[in-house]
Amino acid sequence: MCIIESIGYRSGLKDLCVLIAGPLTHLFEPVLLYLFVGTHIISYTFYEYLCLMNASILVFNMLPIYPLDGGRILELCLQLFFRYETAARLLHVLSIIWLLMLGYFQILHGISAMMVIVLLVMENIMAYYTIRYRKLVFYRYRRRHPVSYPVRMNKGHDLYRFSYNVMYVHGAWMEEEKWLSIFRL
């Protein structure tokens, strides 16, 4: 797994490109493996086995569960419509619901699958309790890297990620940079 500190804060298109790079490698891997079959490096039976494992990893990784790639893509989609903290809370709740459904309907079988589900539930619970910290990190990133997104008049107390926010504070409208400077990040 690759950890990129600024993922979730910068351009949505850049984040999407990074997020789909991993799954795209799973689409090219069978082609490479087939070349190995053609040069007799591996047998066709082993090729089929590796393709099945590769497809399983791809499908699992694209589940809309945080921190899997599918969950991160879901996070991008939620941030299109909701403020940062609301999107994060919704992401973790939806991820836990998905995980509980996987366990309840026994879509994944075996003790190792149940261990993965438990670990992912724990990861989402821990991430849920760090949302406010991550929001402040997002604010600091946003303050240091101003955006040129479409303007959104925002009467809330949190930023929309894919908008340049003009905040309503104490009966007056305030530019995003000035609002962020209040936090002294």
Side-chain angles (χ1 to χ4, degrees), residues 1-33 51 53-102 107-108 116-117 119-154 156 158-167 176-177 179-180 185:
M1 179 165 81
C2 177
I3 297 174
I4 301 170
E5 291 298 323
S6 64
I7 202 151
Y9 307 135
R10 59 187 177 184
S11 160
L13 184 58
K14 287 180 183 176
D15 277 355
L16 184 61
C17 288
V18 169
L19 291 172
I20 64 172
L24 281 177
T25 61
H26 289 284
L27 298 177
F28 293 118
E29 194 171 312
V31 174
L32 179 64
L33 291 172
C51 285
M53 292 297 105
N54 183 54
S56 299
I57 292 168
L58 172 64
V59 168
F60 180 76
N61 194 32
M62 291 308 296
L63 291 173
I65 298 168
Y66 178 86
L68 305 176
D69 286 340
R72 302 262 185 185
I73 292 170
L74 174 62
E75 181 179 28
L76 280 175
C77 294
L78 292 172
Q79 289 173 344
L80 288 169
F81 303 103
F82 300 102
R83 292 180 183 93
Y84 188 86
E85 187 173 341
T86 304
R89 291 186 187 287
L90 193 54
L91 169 71
H92 296 302
V93 168
L94 290 173
S95 293
I96 291 173
I97 289 170
W98 268 97
L99 288 163
L100 293 175
M101 287 178 19
L102 287 176
I107 295 169
L108 302 176
V116 168
I117 290 172
L119 288 173
L120 287 171
V121 167
M122 289 171 44
E123 168 69 24
N124 275 279
I125 290 170
M126 289 187 314
Y128 186 87
Y129 286 107
T130 64
I131 288 173
R132 290 196 174 150
Y133 167 76
R134 288 183 295 146
K135 180 174 76 169
L136 291 175
V137 172
F138 166 63
Y139 286 179
R140 182 177 53 200
Y141 183 88
R142 189 69 166 248
R143 184 168 179 219
R144 294 178 181 171
H145 303 89
V147 296
S148 59
Y149 290 126
V151 173
R152 179 179 288 209
M153 307 308 276
N154 187 347
D158 192 8
L159 297 179
Y160 285 95
R161 178 175 171 200
F162 296 115
S163 299
Y164 177 80
N165 296 265
V166 177
M167 309 300 287
E176 182 175 305
E177 292 89 2
W179 186 79
L180 286 170
L185 302 171

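For this chain, numbers begin at 1 and follow the sequence in order.
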Do the non-hydrogen side-chain atoms of [X] and [Y] ever get within less than 4.5 Å of each other?
X      : Y      : answer
Pro30  : Asn54  : yes
Leu24  : Leu27  : yes
Pro64  : Leu91  : no
Leu108 : Val116 : no
Tyr133 : Leu136 : no

[atom1] of [X] to [atom2] of [Y]: how many Å apart, nearest 0.5 Å?
X      : Y      : atom1 : atom2 : value
Ile65  : Asn124 : CD1   : CG    : 8.0 Å
Tyr84  : Thr86  : OH    : OG1   : 12.0 Å
Ile107 : Leu102 : CD1   : CG    : 5.0 Å

Inset, instruction - Applying side chain to side chain contact (heavy atoms under 4.5 Å, CB included), run through Phe138 and Leu159 and close with a yes or a no. - result: CA-CA 9 Å; Phe138 166 63; Leu159 297 179; 4.0 Å; yes

Legend entry - Residue pairs involving residues 87-100 (criterion salt bridge (charged side-chain N to carboxylate O under 4.0 Å, His left out); sequence neighbours excluded): Glu85-Arg89

Inset, instruction - Under the side chain to side chain contact (heavy atoms under 4.5 Å, CB included) rule, what do Gln79 and Asp15 come out as? Steps first, then yes or no, please. - result: CA-CA 12 Å; Gln79 289 173 344; Asp15 277 355; over 6 Å; no

Inset, instruction - Report, as yes or no, whether the 6.0 Å neighbourhood of atom CH2 on Trp98 holds more than 12 heavy atoms from other residues, nucleotides or ligands. - result: no

Legend entry - Sequence neighbours excluded, every pair satisfying ring pair (Phe, Tyr, Trp, His ring centres under 6.0 Å) that has a member inside residues 54-74: Tyr66-His92

Taking all non-hydrogen atoms of both residues into account, name the closest pair between [X] and [Y] and its distance.
X      : Y      : value
Leu19  : Leu76  : CD1-CD1, 3.8 Å
Leu74  : Leu94  : CD2-CD1, 4.3 Å
Phe81  : Tyr160 : O-CE2, 3.8 Å
Leu120 : Pro67  : CD2-CD, 3.6 Å

Legend entry - Result of checking Glu177, Glu176, Arg152, Arg142 against Tyr164 for side chain to side chain donor-acceptor pair (under 3.5 Å): Glu177

Inset, instruction - Check for a donor-acceptor pair, side chain of Arg134 on one end and backbone N or O of Ala127 on the other, with a separation under 3.5 Å. - result: yes

Legend entry - Side-chain donor/acceptor of Asn154 to backbone N/O of Asp158, under 3.5 Å: yes

Partner set under side-chain contact (heavy atoms from CB on, under 4.5 Å) for [X], not counting sequence neighbours:
X      : value
Ser11  : Leu13, Lys14, Tyr149
Ile57  : His26
Met122 : Val118
Pro23  : Leu58, Asn61, Met62, Asp69

Legend entry - Chi angles and distances behind the side chain to side chain contact (heavy atoms under 4.5 Å, CB included) call for Arg161, Val147: CA-CA 10 Å; Arg161 178 175 171 200; Val147 296; over 6 Å; no

